[in-house]
Amino acid sequence: MQSVLRSPLIDVMQFLILVWGLYWLATISIDNIGYNWQWYQIPKMLYSWNEHGFTAGPLLKGLLITLKISAISLVLSLVIGLITAIFRLSGSPVAAALARIYLELSRNTPLLIQIFFIYFVLGPVLGLERMASAILALSLFEGAYASEIFRSGILSVATEQHEAAKSLGLSNYYTYRFIILPQAVRTMLPPLTSQAVSLVKDSALVSTIAIYDLTMQAQALIAETYLTFEIWFTVAGMYLMVTILLSICVSFLEHRMKLP
């Protein structure tokens with residue numbers, strides 16, 4: 001019975017009920033102002049069939065760009081977060097100072113400002129294009145928060161484990177690789193999942209530098225068709241679908257890790 005209650009399907013049902021409730025309230029509110037719903041135009045914005053077969057529509061193309069940016073940024077943010085956490089725990093004053101400066105700058109300034117700074121200031125100097133600038137900005141921003149998750153996870157491992165590794169003559173690399181991180185990952189997985197979900201949602205800000213991700217495609221379609229509510233509800237559902245699938249995958253992985 002407990003396994004059923006903890007099933008990710010329950011979370012999915014709760015999300016769907018919540019979304020349907022919000023949609024119902026929004027529909028009643030919008031109907032009161034006489035809005036003319038045109039849901040029949042949404043499918044062609046997602047896909048089309050022709051003599052060449054399936055063709056992705058603007059929203060689906062934008063979703064693929066969003067997934068690409070989010071996936072690359074997630075991997076880089078995890079690497080940056082792990083390195084930053086190790087720097088803070090290394091005992092080196094220089095490494096700790098560099099990590100602290102990076103964390104303070106990343107966490108105490110808005111992501112939108114960081115995107116603009118990297119694209120308009122660092123981009124021309126380093127030769128970064130829009131996509132690279134967006135990925136770098138997201139990776140640095142999310143990596144700062146991921147570093148705190150890694151640091152707390154590493155500190156959750158008993159100090160005896162570190163001492164045992166030293167007594168065996170293991171280097172710091174092998175100590176973290178085979179002893180510390182495998183034990184810490186169980187406690188880090190849930191907050192890292194939340195961070196990954198935040199990254200997917202934060203990726204919508206890359207539209208501000210003219211990257212045609214899902215949000216930018218939606219804005220272009222709204223300017224062309226004036227189907228404001230239909231398009232934004234569809235985009236919200238697509239973001240929700242991505243984050244739910246991500247949560248389900250992590251829940252499955254977490255369940256497998258708990259198995260003997």
Side-chain angles (χ1 to χ4, degrees), residues 66 68-159 161-162 171-173 175-177 180-211 213 215 239 243 246-247 250:
T66 294
K68 178 181 178 181
I69 293 175
S70 300
I72 299 175
S73 300
L74 177 60
V75 174
L76 292 178
S77 66
L78 293 178
V79 173
I80 293 172
L82 178 60
I83 293 175
T84 304
I86 293 176
F87 273 17
R88 292 192 64 187
L89 298 172
S90 64
S92 169
V94 176
L98 290 175
R100 174 57 65 181
I101 293 173
Y102 158 64
L103 291 175
E104 294 300 328
L105 288 175
S106 296
R107 292 186 301 183
N108 295 320
T109 55
L111 174 58
L112 183 60
I113 302 300
Q114 295 182 33
I115 293 175
F116 286 160
F117 178 80
I118 291 177
Y119 178 62
F120 291 109
V121 180
L122 294 184
V125 176
L126 302 178
L128 299 177
E129 297 182 353
R130 288 187 177 91
M131 184 71 72
S133 298
I135 291 174
L136 179 59
L138 282 172
S139 301
L140 291 174
F141 182 78
E142 302 294 340
Y145 293 94
S147 69
E148 291 302 301
I149 298 174
F150 278 111
R151 189 173 73 92
S152 61
I154 292 172
L155 291 176
S156 67
V157 179
T159 56
Q161 300 293 325
H162 296 267
S171 64
N172 287 332
Y173 171 78
T175 299
Y176 279 98
R177 170 66 178 82
I180 305 303
L181 291 180
Q183 297 182 62
V185 71
R186 295 186 178 183
T187 59
M188 294 188 299
L189 201 54
L192 284 177
T193 303
S194 299
Q195 197 62 41
V197 171
S198 297
L199 190 152
V200 174
K201 294 184 293 185
D202 290 340
S203 68
L205 290 176
V206 304
S207 62
T208 57
I209 55 174
I211 293 179
D213 67 328
T215 300
Y239 274 111
T243 55
L246 178 61
S247 299
V250 175

Task: Atom pair OG1/CG of T243 and L246 - distance to nearest 0.5 Å - done: 7.5 Å
Open item on the list: Considering only residues two or more places apart or on different chains, which pairs with a residue in residues 122-134 satisfy side chain to side chain donor-acceptor pair (under 3.5 Å)?
Closed with: Y119-R130
Task: Point-to-point distance, once rounded to the nearest 0.5 Å, from OG of S203 to OH of Y239 - done: 4.5 Å
TODO: Identify the heavy atoms of A137 and L111 that sit nearest to each other, and give their distance.
DONE: O-CD1, 4.0 Å
Task: Rounded distance [0.5 Å steps], CG in D213 versus CD1 in I69 - done: 6.0 Å
TODO: Taking side-chain contact (heavy atoms from CB on, under 4.5 Å) as the test, write out the residues that go with I180, two or more places apart.
DONE: I154, V157, Q161, H162, T175, Y176
What side-chain donor-acceptor pairs closer than 3.5 Å can you find for residues 77-85, not counting sequence neighbours?
residue: S77; atom: OG; partner: S73; partner atom: O; Å: 3.1
residue: S77; atom: OG; partner: L74; partner atom: O; Å: 2.8
residue: T84; atom: OG1; partner: I80; partner atom: O; Å: 2.7

Task: Nearest non-hydrogen partners of S147 and A144, listed with the distance - done: OG-O, 2.6 Å
TODO: If a pair satisfies side chain to side chain donor-acceptor pair (under 3.5 Å) and one of its residues is in residues 107-116, list it, with sequence neighbours excluded.
DONE: E104-N108, T109-Q114
TODO: Mind checking side-chain contact (heavy atoms from CB on, under 4.5 Å) for V125 and listing every partner two or more places apart, or none if nothing turns up?
DONE: none
Open item on the list: Under the salt bridge (charged side-chain N to carboxylate O under 4.0 Å, His left out) definition, can you give me all pairs with a residue in residues 194-209, not counting sequence neighbours?
Closed with: none
- [ ] Quick one: pull up CG in L76 and CG in L199 and give me the separation to the nearest 0.5 Å.
- [x] 10.0 Å
Open item on the list: By the ring pair (Phe, Tyr, Trp, His ring centres under 6.0 Å) test, which pairs, at least two apart or in different chains, include something from residues 88-116?
Closed with: F116-F120
- [ ] May I have all residue pairs that pass ring pair (Phe, Tyr, Trp, His ring centres under 6.0 Å) and include part of residues 126-148, sequence neighbours excluded?
- [x] F141-Y145
Open item on the list: To the closest 0.5 Å, what do you measure between CD1 (I72) and CD1 (I135)?
Closed with: 4.0 Å
TODO: Check side-chain contact (heavy atoms from CB on, under 4.5 Å) between S92 and all other residues, then give those that pass, not counting sequence neighbours.
DONE: S90, V94, A95
TODO: Say whether, by atom type as modelled, one donor and one acceptor occur between the side chain of S152 and the main chain of I149 under 3.5 angstrom.
DONE: yes
TODO: Find the distance between CG (L138) and CG (L205) and round it off to the nearest 0.5 Å.
DONE: 8.0 Å
Open item on the list: My understanding is that only residues two or more places apart in sequence, or in another chain, count here; which of them pass side-chain contact (heavy atoms from CB on, under 4.5 Å) with L136?
Closed with: I118, L128, L140
Using residues 191-198 as the side-chain source, report each donor-acceptor pair under 3.5 Å to any protein atom, sequence neighbours left out, with the distance given to one decimal.
residue: T193; atom: OG1; partner: L189; partner atom: O; Å: 2.8
residue: Q195; atom: NE2; partner: E142; partner atom: OE1; Å: 2.4
residue: S198; atom: OG; partner: S194; partner atom: O; Å: 3.1

- [ ] Enumerate the residue pairs fulfilling salt bridge (charged side-chain N to carboxylate O under 4.0 Å, His left out) with a member in residues 80-92, sequence neighbours excluded, ordered by first and then second residue.
- [x] R88-E148
